Trainee: 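My questions all concern the structure below.
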Amino acid sequence: MSFQVFDSLSKEKRVFQPLEPGVVRMYNCGPTVYGRAHIGNLRTFLFADVLRRWLECRGLRVVQVMNITDVGHLLDDADEGEDKIEAQARREQRDPWEISRGFTELFLRDMRALGCKEPAVRPKASEHVPEMLAIIEGLLAKGFAYQVGGDVYYEVAKFPRYGRLSGNTVAELEAGARIDVREEKRHPADFALWKSDPKHLMKWTSRFGPDGFPGWHIECSAMARKHLGDQLDIHTGGEDNVFPHHECEIAQSEAFTEKPFANYWMHAKFLQVDGGKMSKRLGNVWNLDDVEARGYTPRQLRFALIRGHYRGPLNFTWGILEEAKSALAKLDDLVSDVQAAVRGERVAPDPRTGAEALAGARPRFEQGLDDDLNVPQALAALFELRSAFLEGGVGRATAQEALDFLRRADASLGVLQLTEATLDARMQQLIAARAEARARKDWPASDRIRDEIAALGVVLQDTPQGVVWRKKA
RNA sequence: GGCGGCAUAGCCAAGUGGCCCAAGGCGACGGAUUGCAAAUCCGUUAUUCCUCGGUUCGAAUCCGAGUGCCGCCUCCA
C-alpha cells in the first residue's frame, strides 16, 4: 500500500511520490507572530507534525521547513498598509521587534509542549529580505510585476493559472467585486510585492526607496526557495491560506522559476469553537495556557486536536477535551498493560496469545494513516487491539511485538506515553502499607492510604492477581 | 454577489457503489468483580446514514432538487 494524500490543487487523492526518491521537501506555513498561538493555529501545526512523522515512519527523510512571519503580514491585503506586528506593537506601545521575538518564543514553547518535532529550519521573514527582493527583481524583469513609485505590484492578469488553486480566477474576482480599487493598481486583484511607507517601523532600503517593506505573500516564496529549492514536494497550511496567500505564492514562484512550485498542497480545515468561529468578542480564543488552566495537559489537547481527520471540520468544546482525556487514558492503560506483559506480569501462559489481534491491528493502523492521514481509522486499530488483549489476554512474545508496534504508533501520532512509569520508594512504601492494612481488614486505614496514593497521581486496582497500579496523566 | 466544503446514533467520529441490518471513542443503562470503589471488566445502546426524487440487480456511498450549517473572497492556521 502506498501513501495517498488529498491534493487541494488537483482536488483528488494522489499517491505520494517525492521528486527525489527517499527525500521529502516540505514547507509548512507557520505563524505570524503578533499574538499567542490559539488552538486553531495549533491544530494546523499538529497536522503538519503528524504528516511529517508519518512520512518518516514510512522511511522517508523529511526536510521540514516552517517559517515564522515576523514582518510583512499586512492587516489589509488590499494594501493600505499596516503590518499586523506593528499594529500590535502600537497597541502595546512596544517595539515591534520585541513583540515578534516574544511571541516567537512562546510559539516554540507551545510546539515543544505539544510534542511537535523540531523542523529542520525555522526561517524568519525578516532575515530573508534580500531573497525576496531578488524574486521581485526577477518578476519585474520578466514583466509579471510593475512599479508604481516606491511600490511594486504583481500583475495577476499576466499569470493565466491564477485562480487554479482557489477557484478565484481573475474573471471571478471581478464578478465578486469586493476588492477596493486602488487607483495605482492595474487590476484590483493585483497584490503588493513591496511597499514603501516612511511611517513604517520595520523597513529596509532598496532601489525602491529607503522605507520599504515586503508584501505578505512574497516571504513564503522566498523562504521556501532558499531552504528547499525551486520545487517542493508538499506545501501545507490552514484552509484560510488557500486564498489569497497560496494562490499568490504560486503565481510569484512559478512565474519566477518557470517550474511547478509544490507538487502537493495540503490544507487543514478550520477549527470552530462552540459551533462557530472563535472570536475575541466571544472570549473563546483559547490558547495552551487556557487549556492547562482548566486542568488538561498539552498531550490531552494534542490528542483531542488530531483525533478527527484534518480535512474535516472540528468543533472544539471543553466537552470534546474531556472526552479525549478519557479515551487517551484507555490507550495509556493499553501501553502499561503491554509493558507489564513484557516484564512477565499478568501474561497469558501461551507466549503467542494475542498474536492474531496484533496481526489485524497493525495493517489497519498503517492503512489508516496511508489513506490521507486517516487518524480516526488508525486509532480504532489501537482500541481494537486493547479490547482483544483484555478479552483474550496477551502472551509475553506477543507483548514484545505489540510494544514495538505501539512505539511505531507513537512515532507517528506522538500521543502515547511510552516511558515506563516507575514508583519511587515512598510510593512503594504506601502501597505496602495499604496491603498490610487490607490484610488486617482495616478498611478505613486502607482507604485513607488509597486516597493518599491517588492524590499523588497513582490509581490502584485490586484484582485477583494482586494490586495493579497506574499513573494517571 | 462570487468561490468552496460539510450534513452518519445522546455526543465525538470513520466508512464514499455490494465485505455496511454502518468501525472506533465518549456518555448512558444493565451486569460482573470488590471489604468498598469514583477504579477495572463484560454486555446493551443507528434495519439506518438531513429531506424528496432519480440512476442501478444493488446506494450512507453516484445524479438532480431542496433544507441546514461552515469556510474563503476583509483579519485569521
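Worth knowing before you read on, the calculation uses all heavy atoms, side chains too, and leaves out hydrogens, waters and symmetry mates. Chain letters run A, B, ... following the sequence lines, proteins first, then strands; residues in each count from 1. It should be emphasised that the depicted structure is a prediction, and the values quoted were computed from it without experimental measurement.
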Trainee: Between the base of G25(B) and the side chain of Ser326(A), is one N or O donor paired with an acceptor at under 3.5 angstrom?
Mentor: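 Result: no qualifying N/O pair found.
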Trainee: Rounding to an integer number of angstrom, what distance separates G53(B) and G71(B) when you compare their C1' atoms?
Mentor: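 Those two atoms are separated by 29 Å.
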Trainee: More 5' along RNA chain B: Ala324(A) or His38(A), using each one's nearest nucleotide?
Mentor: Ala324(A)
Trainee: Quantified in whole Å, what is the C1' atom distance between nucleotide A13(B) and nucleotide C73(B)?
Mentor: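 Each nucleotide's C1' atom is 31 Å from the other's.
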Trainee: In whole angstroms, how far is the P atom of G35(B) from the CG atom of Asp442(A)?
Mentor: 15 Å
Trainee: Just call it for Leu382(A): base, sugar-phosphate, or nothing, with non-hydrogen atoms closer than 4.0 Å on any strand.
Mentor: nothing
Trainee: Counting only Watson-Crick pairs (N1-N3 plus N6-O4 or O6-N4) and G-U wobbles (N1-O2, O6-N3), all under 3.5 Å, who is the partner of U51(B)?
Mentor: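 Base-paired to A65(B).
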Trainee: Base, sugar-phosphate, or nothing: which does Ser446(A) touch, judged by heavy atoms less than 4.0 Å apart?
Mentor: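 If one applies the 4.0 Å heavy-atom cut-off, Ser446(A) turns out to touch a base.
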Trainee: Evaluate the ring planes of His245(A) and His217(A), with Trp represented by its six-membered ring, and classify them as parallel (under 30°), tilted (30 to 60°) or perpendicular (over 60°).
Mentor: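 The rings of His245(A) and His217(A) sit tilted, inter-plane angle from 30° to 60°.
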Trainee: Counting distance alone, no hydrogens or angles: does the base of C6(B) have a donor or acceptor under 3.5 Å from a partner atom on the side chain of Arg311(A)?
Mentor: no
Trainee: Tell me which nucleotide among A77(B), C26(B), A23(B) gets nearest to the side chain of Glu384(A).
Mentor: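 Comparing A77(B), C26(B), A23(B) against the side chain of Glu384(A), the answer is A23(B).
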Trainee: Both distances under 3.5 Å, Watson-Crick or G-U wobble: report the partner of A32(B), or none.
Mentor: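 The answer is U40(B), by the H-bond criterion.
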Trainee: Identify whether any heavy atom of Gly237(A) sits under 4.0 Å from a base atom; if not, whether one sits that close to sugar-phosphate; answer base, sugar-phosphate or nothing.
Mentor: sugar-phosphate
Trainee: Assign Ala268(A) to base, sugar-phosphate, or nothing according to its heavy-atom contacts below 4.0 angstrom with the strands shown.
Mentor: nothing
Trainee: Where the side chain of Ser336(A) meets the backbone of Asp333(A), is there a donor-acceptor pair that is under 3.5 Å apart?
Mentor: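 The answer is yes, because a donor-acceptor pair under 3.5 Å joins these two groups.
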Trainee: Give a yes or no on whether a donor-acceptor pair under 3.5 Å exists between the nucleobase atoms of A39(B), that is its base, and the side chain of Arg470(A).
Mentor: no
Trainee: Within the 4.0 Å heavy-atom criterion, would you say Arg440(A) contacts the bases, only the backbone, or no part of the nucleic acid?
Mentor: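 If one applies the 4.0 Å heavy-atom cut-off, Arg440(A) turns out to touch nothing in the nucleic acid.
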Trainee: If only side-chain N and O atoms count, and only distance matters, is there a donor-acceptor pair under 3.5 Å linking Tyr153(A) with Lys195(A)?
Mentor: yes
Trainee: Let's test this: given Watson-Crick or G-U wobble pairing with both distances under 3.5 Å, identify the partner of C20(B).
Mentor: none
Trainee: Rounded to the Å, how far apart are Leu460(A) CG and A38(B) P?
Mentor: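 Taking CG of Leu460(A) and P of A38(B), I get 15 Å after rounding.
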Trainee: Could you tell me the separation between the NZ atom of Lys441(A) and the C1' atom of U34(B), rounded to a whole number of Å?
Mentor: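 Going from Lys441(A) (NZ) to U34(B) (C1'), I get 12 Å.
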Trainee: Watson-Crick or G-U wobble partner for G58(B), using a 3.5 Å limit on both distances?
Mentor: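 Per the H-bond distance test, none.
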Trainee: Send over the distance from Trp216(A) CH2 to U74(B) C1', rounded to a whole Å.
Mentor: 11 Å
Trainee: With C1' as the reference atom in both, quote the distance from C20(B) to A60(B) in angstrom, rounded to an integer.
Mentor: 9 Å
Trainee: Considering only the C1' atoms, how many Å lie between U8(B) and A14(B), rounded to the nearest integer?
Mentor: 10 Å
Trainee: Using the C1' atoms only, state how far G15(B) lies from A22(B), rounded to an integer number of Å.
Mentor: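 Comparing C1' positions in A22(B) and G15(B) gives a spacing of 7 Å.
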Trainee: Does the side chain of Thr317(A) pick up a donor-acceptor pair with the side chain of Asn315(A) at under 3.5 Å?
Mentor: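 No donor-acceptor contact under 3.5 Å links the two side chains.
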Trainee: Find every protein N or O atom lying less than 3.5 Å from an N or O atom of nucleotides 18-20 of chain B, and list the pairs.
Mentor:
none

Trainee: If you take atom types as modelled and just measure distance, does the side chain of Asn168(A) reach the base of C72(B) with a donor-acceptor pair under 3.5 Å?
Mentor: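 Counting by modelled atom types and ignoring angles, no donor-acceptor contact under 3.5 Å is found here.
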Trainee: Under 3.5 Å for both donor-acceptor distances, Watson-Crick or wobble: does C3(B) have a partner, and if so which one?
Mentor: G71(B)
Trainee: Starting from P on G5(B), measure out to NZ on Lys277(A) and report it in whole angstrom.
Mentor: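 Nearest whole value for this atom pair: 19 Å.
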Trainee: Apply salt bridge (Lys or Arg N to Asp or Glu O under 4.0 Å) to the pair Asp49(A) and Arg53(A), showing each step before the final yes or no.
Mentor: CA-CA 6 Å; Asp49(A) 183 61; Arg53(A) 285 164 171 268; 2.8 Å; yes
Trainee: Taking NZ, NE, NH1 and NH2 as the nitrogens, is one of them in Arg440(A) or Glu436(A) under 4.0 Å from a carboxylate oxygen of the other?
Mentor: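 Salt bridge: yes.
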Trainee: Could you state the NE2-C1' distance from His246(A) to G71(B), rounded to the nearest angstrom?
Mentor: 15 Å
Trainee: Decide yes or no on salt bridge (Lys or Arg N to Asp or Glu O under 4.0 Å) for Glu366(A) and Arg408(A), but give the supporting numbers first.
Mentor: CA-CA 10 Å; Glu366(A) 310 260 325; Arg408(A) 184 172 165 82; 2.6 Å; yes
Trainee: Is a donor on one side and an acceptor on the other found under 3.5 Å between the side chain of Glu239(A) and the backbone of His267(A)?
Mentor: no
Trainee: May I ask you to say what Glu322(A) touches in the nucleic acid, namely base, sugar-phosphate or nothing, with a heavy-atom cut-off under 4.0 Å?
Mentor: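 Here Glu322(A) touches no strand at all.
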Trainee: Relative to each other, are the rings of Phe45(A) and Phe107(A) parallel, tilted or perpendicular (30° and 60° limits)?
Mentor: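 If you compare the ring of Phe45(A) with that of Phe107(A), the planes turn out perpendicular.
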Trainee: For the C1' atoms, the ones on C63(B) and on G17(B), what distance do you get once it is rounded to whole angstrom?
Mentor: 13 Å
Trainee: Is there a donor-acceptor pair closer than 3.5 Å between any side-chain N or O of Arg386(A) and the backbone N or O of Lys330(A)?
Mentor: yes
Trainee: Could you identify the nucleotide paired to U45(B), looking across every strand shown and requiring Watson-Crick or G-U wobble geometry with both distances under 3.5 Å?
Mentor: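 Checking every strand shown, U45(B) finds its partner in G27(B), with both distances under 3.5 Å.
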Trainee: Which value, in whole Å, describes the distance between the C1' atoms of nucleotides C50(B) and A7(B)?
Mentor: 6 Å
Trainee: Give the rounded distance in Å between these two atoms: NZ of Lys330(A) and P of A39(B).
Mentor: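 Answer to the nearest Å: 10 Å.
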Trainee: Distance check, rounded to the nearest 0.5 Å: Gln300(A) atom CD versus Glu292(A) atom CD?
Mentor: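 If I round to the nearest 0.5 Å, the distance is 10.0 Å.
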Trainee: Hey, does the side-chain of Asp447(A) have a donor or acceptor N/O within less than 3.5 Å of a partner on the base of G35(B)?
Mentor: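 Under the 3.5 Å cut-off, the side chain and the base do form a donor-acceptor pair.
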Trainee: Check whether the aromatic ring of Phe270(A) stacks on the base of G71(B), taking stacking as ring centres less than 5.5 Å apart and planes within 30° of each other.
Mentor: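 Phe270(A) vs G71(B): stacking no.
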Trainee: Looking at CZ of Arg52(A) and CD of Glu118(A), how far apart are the two atoms once the value is rounded to the nearest 0.5 Å?
Mentor: 8.5 Å
Trainee: With heavy atoms under 4.0 Å as the rule, sort Arg434(A) into base, sugar-phosphate or nothing.
Mentor: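 Here Arg434(A) touches the bases of the nucleic acid.
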Trainee: If you count every heavy atom of other residues, nucleotides or ligands that lies below 6.0 Å from Lys11(A) atom NZ, does the total exceed 12?
Mentor: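 For Lys11(A), atom NZ is crowded (more than 12 foreign heavy atoms under 6.0 Å).
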Trainee: Quick one: is Arg438(A) getting a side-chain N or O under 4.0 Å of the A37(B) phosphate, OP1 or OP2?
Mentor: no
Trainee: Each nucleotide in nucleotides 11-16 of chain B should get exactly one letter: B, S or -. Can you fill that in based on protein heavy atoms under 4.0 Å?
Mentor: -BSSS-
Trainee: Calculate the interatomic distance between Leu390(A) atom CG and G43(B) atom P; express it in whole Å.
Mentor: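 In whole Å, G43(B) P lies 10 Å from Leu390(A) CG.
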Trainee: Side chain of Lys269(A) only, please: which of G35(B), A77(B), G5(B) is the nearest?
Mentor: G5(B)
Trainee: Using the C1' atoms only, state how far U56(B) lies from G18(B), rounded to an integer number of Å.
Mentor: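 Taking atom C1' in both G18(B) and U56(B), they lie 12 Å apart.
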Trainee: Across the strands shown, which category fits Val242(A) at heavy-atom distances under 4.0 angstrom: base, sugar-phosphate, nothing?
Mentor: nothing
